[in-house]
Amino acid sequence: DEFPGISDDEVIRIAKDKQLIILTFDKDYGELIFKQKIKKPPAVIFFRFKGFEPNFAGNLLVDLINNREIIFMNKFTVIEEKGIRQKTYQFSH
């Protein structure tokens, strides 16, 4: 919301600097992190499935945060219609 139109690289830089988790509907972050080997943000949550109502992603995220079994840090988390998968990476300081 603060910086509309900035590049994905800049979003990652801000997330690293401020220790923020990236929430996105943009699949490009997976390629940037795993194929281009850029410095990695603390975590990325990619919503591949957006649900059928406007509040779906937010409600699901709250449920996931309240579930203590899911760890987001140093992981690329993909939320799909039939489940959640994660890939761990080494966070770059």
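- Put simply, the side chain of Pro41 reaches to within 4.5 Å of the side chain of Ile33, judged on heavy atoms.
- Taking 4.5 Å as the limit, every side-chain heavy atom of Leu64 sits out of range of all side-chain heavy atoms of Ile45.
- Residue Leu61 holds its CG atom at 9.5 Å from CG of Asn66, rounded to the nearest 0.5 Å.
- Other residues, nucleotides and ligands contribute at most 12 non-hydrogen atoms within 6.0 Å of the CD1 atom of Ile71.
- Here Ile21 contributes atom CD1 and Ile65 contributes atom CD1; the two are 7.0 Å apart, rounded to the nearest 0.5 Å.
- Classification of the Phe46-Phe76 ring pair by plane angle, with boundaries at 30° and 60°, yields tilted.
- Asp17 has a carboxylate O that lies under 4.0 Å from a charged side-chain N of Arg13, or vice versa, which qualifies the two as a salt bridge.
- Both Tyr29 and Ile6 are members of a single hydrophobic cluster when ILVMFWY side chains are connected at heavy-atom separations under 4.5 Å.
- Both Met73 and Ile84 are members of a single hydrophobic cluster when ILVMFWY side chains are connected at heavy-atom separations under 4.5 Å.
- Remark: Ser7 OG to Asp28 CG distance equals 11.5 Å, nearest 0.5 Å.
- A heavy-atom distance below 4.5 Å is not found between the side chains of Ile12 and Lys40.
- Remark: the backbone N or O of Ile70 is not paired with any side-chain donor or acceptor of Gln86 at under 3.5 angstrom.
- Nearest heavy-atom pair, Ile22 versus Ala15, reported as atom, atom and distance to 0.1 Å: CG1-CB, 3.7 Å.
- Residue Arg48 holds its CZ atom at 12.5 Å from OG1 of Thr77, rounded to the nearest 0.5 Å.
- With respect to Phe56, the ring pair (Phe, Tyr, Trp, His ring centres under 6.0 Å) criterion is satisfied by exactly one of Phe47, Phe49, Phe25: Phe49.
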